[in-house]
Amino acid sequence: MDFELKPHPKIPKAEGPLLVCVLDGFGENEVKDDYNAINIADTPCTDALKEVPGRWRTIRAHGTAVGLPTDDDMGNSEVGHNALGAGQLIDQGASLVDQALSSKSLFEGEGWKLISEAFESNTLHFIGLLSDGGVHSRTNQLFSMLKGAAEKGAKKIRVHILTDGRDVPDGSSIKFTEELEEVVKELEGSGCDAKIASGGGRMCVTMDRYEADWNIVKRGWEAHVLGEAPHTFKDAATAIKTLRKEGSEKPVSDQWLDPFVIVGEDDKPVGTIEDDDAVVIFNFRADRVIELSKALEYEEFTAFDRKRWPKTRFAGLMQYDGDLKLPTNFLVPPPAISGTSGEFMAKNKLSTFVCSETQKFGHVTFFWNGNRSGYFDESLETYVEIPSDTVPFNEIPEMKAREICEAGKEALRSGKYDQVRINFANPDMVGHTGDLQATATCCTLVDKCVKELLEVVDEMKGRFIVTSDHGNADDMAQRDKKTKKPIVAEGKVVSLTSHTLAPVPFAIGGAGLPDDVKLKEGMPEAGLGNVAATLFELMGYAAPSHMLPSMIEE
Ligand SMILES: O=C(O)[C@H](O)COP(=O)(O)O
Ligand SMILES: [Mn+2]
Ligand SMILES: [Mn+2]
């Protein structure tokens with residue numbers, strides 16, 4: 001690949017920096033009613049951006065436009081930031097696993113060979129998110145792997161489930177668990193000893209990310225590996241129904257269920273993880289299983305006291321970190337992402353400042369750079385992580401937006417950086433709690449932060465991109481598919497905790513941007529993958545030829 005950036009034939013380089021501001025989960029939804037948190041928030045700055053002729057449009061952020069299998073798949077931060085940073089369409093984990101299952105290559109690779117060594121005399125464990133959300137995992141993929149393993153001779157299988165209610169409606173984990181129990185029963189009928197062994201809610205058990213709170217992983221370790229949890233049950237459906245505390249004053253949602261262990265008639269855990277067992281993490285998405293992967297794979301490990309570290313045959317569904325080569329063994333090769341905008345920046349000696357809070361820090365670094373955890377060139381890149389709070393984010397909807405805004409302004413003013421890239425986590429993280437008012441509150445604050453940042457861009461004669469990676473805050477109600485009216489149950493609108501299929505805003509501007517630089521008309525198909533080429537043009541460079549086309553008018 002030719003990494004040399006050539007000057008743009010018409011757009012001169014700016015005097016000041018380029019601000020790239022990602023408002024995570026800030027979709028542009030056509031339904032603008034009282035359940036669109038952005039609509040009810042006070043957002044004069046982002047509203048005004050829409051009014052500038054030729055400098056605002058929406059872009060696609062879901063489905064095939066971001067490398068997902070179908071247009072029914074909502075976007076998410078991984079695919080969104082991959083596409084934004086790489087400027088290319090990448091076949092994502094969900095698609096790659098589907099392909100590997102239908103071609104059966106999944107059952108023929110090195111990773112499968114490794115785990116199959118345990119089929120005869122040891123236990124095969126699956127750990128992951130039990131959901132059909134398609135963001136981190138999918139139940140149909142798990143079921144295919146379970147059946148495949150039993151057919152290929154696995155004698156004993158244990159499944160450790162994390163309940164979702166975040167990418168899918170709250171309460172749906174009961175249905176998924178019952179479906180899994182059916183599959184497990186089928187396997188038992190065919191002579192394989194298969195059982196659900198442990199579990200818990202994804203936000204409380206195992207699926208932490210970016211080391212925000214290792215206690216979450218510790219709880220998972222204790223339940224899945226050691227068979228220790230505050231609650232034991234004889235079956236998983238009962239576990240979930242009981243832990244949800246439905247009808248009580250303080251019901252618990254699927255996301256936040258306590259860890260539990262399934263025990264047999266003898267009250268002993270049915271599926272602890274032991275030496276020589278095989279373990280598969282069945283999530284394809286990386287961020288929330290990297291910590292568990294480290295705990296399973298690394299002999300040297302200090303994040304928490306594992307008490308016991310079984311030497312397992314461990315494989316990820318994918319390799320989650322291309323830099324760390326973690327895990328060493330995997331069932332499906334991850335998407336090869338190269339020639340990202342970050343790599344081009346570094347190879348052309350352009351300096352970058354990146355900032356977000358913990359919850360989204362890896363999104364604007366790791367995902368943006370094509371699932372690589374390191375720097376391309378540390379002398380040119382400054383990555384700043386503001387530690388996130390560890391409470392449900394509707395309790396503190398402001399999260400770290402203020403701090404991120406201040407860091408961004410300082411970086412812009414410093415004159416040290418060609419690009420300042422930040423991510424505001426709020427519309428997404430608060431949106432996932434399903435709390436409409438808190439989500440509106442955070443959107444109002446984020447809009448204020450954007451205003452302050454854009455003022456500094458102008459002061460520095462810089463340029464800006466304001467965009468998002470997928471929708472979330474733009475719809476907080478589950479709706480009737482046809483009428484789009486919110487669904488009401490027990491007198492209350494049923495909240496929507498997941499992302500949406502909405503496109504996202506894409507705005508350009510800044511005092512350093514010549515008046516005649518405008519967005520092209522048309523390009524209805526343009527999506528997140530068209531942003532990287534646009535970004536280089538806005539910086540005064542011709543876009544690298546392997547990237548999807550720029551949205552700037554020629
Ligand atoms: O991991 C999560 O929090 C959700 O499943 C998806 O949210 P994200 O794609 O915005 O991170
Ligand atoms: Mn996101
Ligand atoms: Mn999200």
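Note that the numbering runs from 1 along the sequence shown for the chain. Order of listing sets the numbers, starting from 1, for every ligand and every atom in it. This one's a predicted model, so the numbers in the text were calculated from it and none came from an experiment.
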- prompt: Within a radius of less than 6.0 Å around CD of E30, do more than 12 heavy atoms belonging to other residues, nucleotides or ligands occur?
  reply: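 Open.
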- prompt: More than 12 non-hydrogen atoms from neighbouring residues, nucleotides or ligands closer than 6.0 Å to NZ on K484, yes or no?
  reply: no
query: Salt bridge between D389 and K400, side-chain N to carboxylate O under 4.0 Å?
result: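 Salt bridge: yes.
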field: is_close_aromatic(H125, H160), centroid dist under 6.0 Å
entry: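 Yes.
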Distance filter under 2.8 Å, centred on the Mn ion (ligand 2) - protein N, O or S atoms that pass it: D24 OD1, S77 OG, D469 OD2, H470 NE2
query: Is there side-chain contact between F284 and V332, with at least one heavy-atom pair below 4.5 Å?
result: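 Not touching, per the 4.5 Å side-chain cut-off.
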message: Can you work out which protein residues put a heavy atom within less than 4.0 Å of ligand 1?
response: D24, N76, S77, V135, H136, R166, D167, R202, R209, R285, R288, K360, H363, D428, H432, H470, H499
message: Out of the candidates N76, D475, D474, D428, only one should pair with H499 under the side-chain hydrogen bond (donor to acceptor under 3.5 Å, both in side chains) rule; please name it.
response: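 Of the listed residues N76, D475, D474, D428, the side-chain hydrogen bond (donor to acceptor under 3.5 Å, both in side chains) partner of H499 is D428.
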- prompt: Nearest 0.5 Å, what's the OG-NZ distance between S253 and K245?
  reply: 11.5 Å
Spatial distance of atom CD1 (I508) from atom CG (L19) [nearest 0.5 Å]: 13.0 Å
message: Tell me whether the rings of F301 and F304 are parallel (<30°), tilted (30 to 60°) or perpendicular (>60°).
response: perpendicular
